[in-house]
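The structure appears below as structure tokens.
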Amino acid sequence: MRMKIRSFFPSNRTGFLAGLAVAALLSGTTALYAQDATQSQAATATQTSGEQTPAADQSAAPAQASATLSTNTSRKKHKKPKVDKADRVQETKDTKAELKKEAKYNPLVGKDQQLPDKQLYDKAMKQINSGHYDIGRLDLQTLLDTYPDSQYMMRAKLAVADAWYKEGGSAALTEAEQEYKDFITFFPNVPEAAEAQLRVGDIYFKQMDVPDRDYSKGVHAEEEYRTMLKQYPDAPPKLIAEAQQKLREVQEVMAEREAELGSFYATHANWAAAIARYQTVADTYPLYSHMDDVLIGIGDAYEAEANIVRGQPVCTSKPTPGVRCLPEGVKSKLLQEYDGKAAADYDKVVLYHSAAPHVEDAKERLTGMGLPIPTPTPEEVASSEALESSRAQYNLQKRIQLFFMHMPDTVTTAQVGTPTLDDPPPTLAPSVVRSLVADYKEAYNPAATPAPASGAPAASTAASSDAGAAATPAPPASDAPPTLSDVPTEGAAAADSSTKTVTVEEPGNGGGDSGATTGMGVEVLTPTSSPAPAREPHAGSTITPNGTPASSLPAATGAPDPNYGLATPNPKVSPLPPVEKPAPAPDQINDAEGKAEPAAQTAPEGLSAKKLRKLKAPKQDKSDESSSKNKPKKGLDKFNPF
């Protein structure tokens, strides 16, 4: 029986065709291998012939040329196919901006790729841009240590500082500041030094707090930005504009702090301190966004001082003891002085801040004072409008950002104007107080000369004036209150032979029949030809009954007063009572029975000491106590009271 052979192909013809196809594939593969071997041999021959010198083998020149020509003809450069303009990939604006930014911070990108220091620099920059700051700094430090003469050393040192700055955090920013300052020290004349100084100011700017908190970072940021603008005036205009804007924002925060302090003092009626704070803002930060409120605050403070003067009564021929009063001429002069200062500040708001939101408030105050409203010039109006229109406005995003993030408010900072690079002398509250006191003195005595600087010229001047006054008759006594110039000096007391009596009385005792009362408990009597009757001084007075002149007192002679002008008290020392022996302590009482306990326990009669030791103590109920025997209750037994 013939056995049938099973085949993969359905027919013999199909199998034959498949065999032919396999044979063709094998033959094509063999031809390709042979072609590759021929090309490799030709390339090897070309390289070998190139290494030989012309003088070594002149006969090999034709073969070398033929081999070279055959190789060049086999490797033709294929041109790139042209792409239609519509199918080309166009770079977006963001991509171009990023490439431009990368070229700015890394101008050596794509150059000298084969140099080892350049490869190390590119590797470090790639790590820094990816956020691996520590690895990037290690590569840069390796570059600085391995290649000290590399052309990338300056860029590497600046990149180390940039890596610390981008990392952020207080510790990293401190390191960045030190690196930037080292860079400025080593490379002071390169264009990147201005950028490094700007970054130092940015370090403090990022750490600034709100105005009512620590302002030391703001002070440092202001100093660094001013240093950059002073030391690098030829820096690129873009860096100059950025530094000026950052400085305006810092000064906005500092002005806000001073203005808030002035407002606080104004609410507490401390007008001298309020004027000092507001005046500092007006002199130091002229681009402040609320400058109109500051000037109005200064005017209101001077108006408050004027209202205090208005509230004081005018002195009459019979002044009321204990009530302060002002002469009519003094009062009118002080009112004119304070109202004039207030009106000057209101005028500044109308003239130089005509586009400010609170200019109408200043106009209303001028109208209430009965003064004309000034008209600003077109240049002043244009300057004010340009300043106010440059300020940004609040929107929902900025308000949410300020609400959730602890950062200073710089939204309304001006975008134009030159910030101040040097601080003027600050206005302090003591200087304002001295100015107010000087106004009072000038109002009382307009012809008074300023006080000399030393004491010797003052004594000679007073002696010469008193000597001239001795030749002329004394002026009649005035009803006006005495001033400090009425107190005689030591030289004047020696030249005057008349008797002057100064008595000290209590404020409510009523003054004498001659002289005027100051309302302060002191009565000054005018000199008379006959001695005044002596009065009994009150206890603790430094005036003796025999009429000691005032020139002998420490306040007039200039001698140090150990009591600082206070009256010397008369101590009344009485001996202390003798120390008494304490009474004996009472016996202890038994609170339960109310009976006194016996002094000691004695043994009952008829019991020896041995039997007494065998007696047992009475039993006590210790069910409520916790011990090793009576353990606390557990479970439901806790709730069982029985």
At what distance, to the nearest 0.5 angstrom, does [atom1] of [X] lie from [atom2] of [Y]?
X: I184; Y: Y232; atom1: CD1; atom2: OH; value: 4.5 Å
X: L239; Y: R199; atom1: CG; atom2: CZ; value: 7.5 Å
X: L261; Y: D212; atom1: CG; atom2: CG; value: 9.5 Å
X: D202; Y: E177; atom1: CG; atom2: CD; value: 12.0 Å
X: Y352; Y: D292; atom1: OH; atom2: CG; value: 15.5 Å
X: L436; Y: I275; atom1: CG; atom2: CD1; value: 6.0 Å

Between [X] and [Y], does any side-chain donor sit less than 3.5 Å from a side-chain acceptor?
X: E380; Y: S354; value: no
X: Q197; Y: Q231; value: no
X: Q279; Y: D283; value: yes
X: T410; Y: T413; value: no
X: Y288; Y: E256; value: yes
X: R248; Y: Q245; value: yes

Quick one: does [X]'s side chain get under 4.5 Å of [Y]'s, heavy atoms only?
X: D300; Y: Y346; value: yes
X: Y204; Y: E223; value: no
X: L366; Y: P372; value: no
X: D162; Y: L158; value: yes
X: H353; Y: K348; value: no
X: T284; Y: P424; value: yes
X: R226; Y: D423; value: yes
X: V210; Y: V253; value: no

Is a side-chain donor or acceptor of [X] paired with a backbone partner of [Y] at a separation under 3.5 angstrom?
X: S431; Y: T427; answer: no
X: S390; Y: L387; answer: yes
X: Y152; Y: D122; answer: no
X: D409; Y: V411; answer: yes
X: R391; Y: T412; answer: yes
X: S389; Y: E385; answer: yes
X: Q251; Y: P419; answer: no

Around [X], counting heavy atoms of other residues, nucleotides and ligands shown, do more than 12 lie under 6.0 Å from its [atom1]?
X: K230; atom1: NZ; answer: yes
X: E260; atom1: CD; answer: yes
X: K126; atom1: NZ; answer: no
X: Y215; atom1: OH; answer: no

Does K157 make a cation-pi contact with Y180, if we ask for NZ or CZ under 6.0 Å from the ring centre and within 45° of the axis?
->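 No, cation not above the ring by the 6.0 Å, 45° rule.
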Report yes or no: is the cationic atom of K246 (NZ for Lys, CZ for Arg) under 6.0 Å from the centre of the six-membered ring of Y225, at an angle within 45° of the ring normal?
-> no
Evaluate side chain to side chain contact (heavy atoms under 4.5 Å, CB included) for I240 paired with Q244, printing each intermediate quantity in order.
-> CA-CA 6 Å; I240 294 293; Q244 287 181 348; 3.9 Å; yes
Could you report the tightest heavy-atom contact between [X] and [Y], atom names first, then the distance?
X: V416; Y: L287; answer: O-CD1, 4.0 Å
X: S384; Y: A355; answer: OG-N, 3.0 Å
X: A274; Y: A266; answer: CB-N, 3.9 Å
X: D117; Y: Y147; answer: CB-CD1, 3.8 Å
X: A124; Y: D139; answer: CB-CB, 3.6 Å
X: Y165; Y: A176; answer: N-CB, 3.7 Å

Evaluate the side chain to side chain contact (heavy atoms under 4.5 Å, CB included) criterion for residues M407 and Q401: first the C-alpha distance (whole Å), next the side-chain angles of each, then the deciding distance (0.1 Å), finally the verdict.
-> CA-CA 9 Å; M407 58 184 300; Q401 185 179 6; 3.9 Å; yes
Would W164 and L173 count as a side chain to side chain contact (heavy atoms under 4.5 Å, CB included) if you check the C-alpha gap in whole Å, the side-chain angles of each, and the deciding distance to 0.1 Å?
-> CA-CA 6 Å; W164 284 114; L173 291 178; over 6 Å; no
Checking salt bridge (charged side-chain N to carboxylate O under 4.0 Å, His left out) for the pair K341/D439: CA distance, chi angles, key distance, verdict?
-> CA-CA 12 Å; K341 291 181 179 180; D439 293 339; 3.6 Å; yes
H268 and its ring pair (Phe, Tyr, Trp, His ring centres under 6.0 Å) partner, picked from Y265, F264, W271 =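 By the ring pair (Phe, Tyr, Trp, His ring centres under 6.0 Å) criterion, H268 pairs with just one of Y265, F264, W271: F264.
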Parallel, tilted or perpendicular: which describes the rings of Y338 and Y302, with under 30° parallel and over 60° perpendicular?
->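 Taking Y302 first and then Y338, their aromatic rings lie parallel (interplane angle under 30°).
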Among all residues two or more places apart in sequence or in another chain, which pass the salt bridge (charged side-chain N to carboxylate O under 4.0 Å, His left out) test with R137?
->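 Partners of R137 by the salt bridge (charged side-chain N to carboxylate O under 4.0 Å, His left out) criterion, ordered by chain and then number, come out as E167.
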Pair S216-D214, side-chain hydrogen bond (donor to acceptor under 3.5 Å, both in side chains): steps then yes or no = CA-CA 6 Å; S216 59; D214 183 21; 2.9 Å; yes
Under the side chain to side chain contact (heavy atoms under 4.5 Å, CB included) rule, what do L402 and R399 come out as? Steps first, then yes or no, please.
-> CA-CA 5 Å; L402 293 173; R399 292 187 182 277; 5.9 Å; no
